[in-house]
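Quantities reported herein were computed from a predicted structural model and do not represent experimental measurements. Each ligand, and each atom within it, is numbered from 1 in the order the structure gives.
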Amino acid sequence: MTQSALILVDIQNDFLPGGALEVPDGDEVILVANQLIAGFDLVVATQDWHPINHGSFASQHPGHEVGESVELAGQQQILWPDHCIQTTFGSELASELNTNRIQRIFPKGTDPLIDSYSGFFDNGHRRATGLADFLKAEGVRRVVIGGLATDYCVKFTAMDAQVLGFETVLVQDGCRGVNLSPDDTSDALKSMAAAGISISDSRQLI
Ligand code: VGL
Ligand code: ZN
């Protein structure tokens, strides 16, 4: 039997309504995640885990605003509000999420000089988080992905999973997008589908 893993991306307080980088209706992914969790032997999570001076924060770039793009250590970087600062409430996984069966949590975005949208690698693909090695060691061949946000961390995680050779399934109703531009989420879904990722629905998977 194909070993499947569920990857829950960044279901953290700061991405929920009222959080520092709120994703519209982001809280709606929690119920879907909890339903999915019950159906998987292997569940992992990623956690955006920034130091207080992270270079993706607009606060670190005087004269620049949230949503602008700047160069950060040689790479283009979109500026965000301060979010998911290590050990703060905003960085904690959502309290309503059933974390009992999450075997391992992979922190990312810890280097102040580079962001990490993907749960597998930083945005420069320089350093791995260990997620790929972990999944391979567990014999995983198929990954099912949900969480926040569809147009950033979910998309980059899914794209890397597909390139790494996992059969990759995106749970459309189990994720929500930031939509800095209104079409970002639908564009992200199109790019993922074009890359060979299956766009599915929790009802087909539970
Ligand atoms: C995310 C922007 C900045 C995400 C994380 O989880 O999608 N987006 N940091
Ligand atoms: Zn972040």
Side-chain angles (χ1 to χ4, degrees), residues 6-30 32-33 44-61 64-70 72-73 75-94 97 102 105-127 129 131 145-161 170-172 174-189 191-192 197:
L6 177 65
I7 305 177
L8 301 173
V9 176
D10 298 5
I11 305 182
Q12 295 167 260
N13 292 323
D14 270 343
F15 298 123
L16 303 182
L21 208 176
E22 60 184 344
V23 178
D25 301 322
D27 53 329
E28 292 179 6
V29 308
I30 300 171
V32 178
V44 297
T46 67
Q47 187 172 28
D48 215 29
W49 191 245
H50 296 310
I52 198 160
N53 64 340
H54 196 262
S56 72
F57 297 167
S59 61
Q60 299 298 306
H61 304 269
H64 293 275
E65 316 237 325
V66 168
E68 276 181 39
S69 191
V70 299
L72 178 65
Q75 287 217 123
Q76 283 303 115
Q77 173 67 49
I78 298 172
L79 297 180
W80 302 105
D82 292 14
H83 66 278
C84 296
I85 295 170
Q86 293 168 7
T87 75
T88 62
F89 172 77
S91 68
E92 289 173 16
L93 296 187
L97 183 67
I102 297 177
I105 297 172
F106 292 86
K108 63 187 182 61
T110 56
D111 181 342
L113 290 177
I114 193 156
D115 212 352
S116 187
Y117 292 148
S118 165
F120 291 98
F121 303 100
D122 63 55
N123 289 0
H125 270 237
R126 284 177 213 144
R127 257 201 263 170
T129 60
L131 175 56
I145 301 176
L148 302 169
T150 318
D151 38 359
Y152 290 95
C153 293
V154 170
K155 175 179 136 184
F156 281 75
T157 301
M159 293 293 216
D160 278 344
L170 192 280
V171 189
Q172 188 171 347
C175 50
R176 293 289 184 283
V178 181
N179 288 324
L180 287 182
S181 299
D183 293 336
D184 285 353
T185 294
S186 55
D187 288 349
L189 291 169
S191 317
M192 288 187 268
I197 294 163

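- Every N/O-N/O distance between Lys108 and ligand 1 stays at or above 3.5 Å.
- Shortest contact from atom 8 (N) of ligand 1 to any protein heavy atom: Tyr152 CB, 3.8 Å.
- Using 4.0 Å as the threshold, Gln12 has no heavy atom nearer than that to any atom of ligand 1.
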Evaluate the criterion side-chain contact (heavy atoms from CB on, under 4.5 Å) for residue pair Gln60 and Leu79; output intermediate values, then yes/no. CA-CA 9 Å; Gln60 299 298 306; Leu79 297 180; over 6 Å; no
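- Across all non-hydrogen atoms, the minimal contact from Asp151 to Val178 is OD1-N, 2.9 Å.
- For Ala149, a nitrogen or oxygen atom sits less than 3.5 Å from a nitrogen or oxygen atom of ligand 1, counting backbone and side chain alike.
- The backbone N or O of Phe106 lies less than 3.5 Å from no partner atom in the side chain of Thr46, so there is not a single donor-acceptor pair.
- Listed for the Asp10 side chain is no donor-acceptor partner under 3.5 Å among the backbone atoms of Ala149.
- Among all non-hydrogen protein atoms, the one lying nearest atom 6 (O) of ligand 1 is Asp10 OD2, 2.7 Å.
- In this structure, His64 and His61 have perpendicular ring planes: the angle between them is above 60°, well past the 30° mark.
- Applying side-chain contact (heavy atoms from CB on, under 4.5 Å) to Leu93 and the options Ile102, Leu8, Asn13, Ile30 leaves one that passes, Ile102.
- Atom CD of Gln76 is surrounded by more than 12 heavy atoms from other residues, nucleotides or ligands within 6.0 Å.
- Given atom 4 (C) of ligand 1, the protein heavy atom at minimum distance is Cys153 SG, 2.8 Å.
- Nearest non-hydrogen protein atom to atom 5 (C) of ligand 1 is Asp48 OD2, 3.1 Å.
- Residue contacts with ligand 1 for Ile78 are absent, since no atom lies close enough (heavy atoms, distance under 4.0 Å).
- In summary, Cys153 places no N/O/S atom under 2.8 Å from the Zn ion (ligand 2), failing the contact criterion.
- For Asp48, the N, O or S atom with the smallest separation from the Zn ion (ligand 2) is OD2.
- The distance from the Zn ion (ligand 2) to the nearest N/O/S atom of Cys84 is not under 2.8 Å.
- Protein heavy atom at the shortest distance from atom 2 (C) of ligand 1 is Trp80 CE2, 3.4 Å.
- Distance alone, capped at 3.5 Å, places no donor-acceptor pair between the Thr110 side chain and the His50 backbone.
- Of the polar atoms of Asp115, none of the N or O atoms is found under 3.5 Å from an N or O of ligand 1, judged by distance alone.
- The aromatic rings of His83 and Phe15 sit tilted, their planes meeting at an angle between 30° and 60°.
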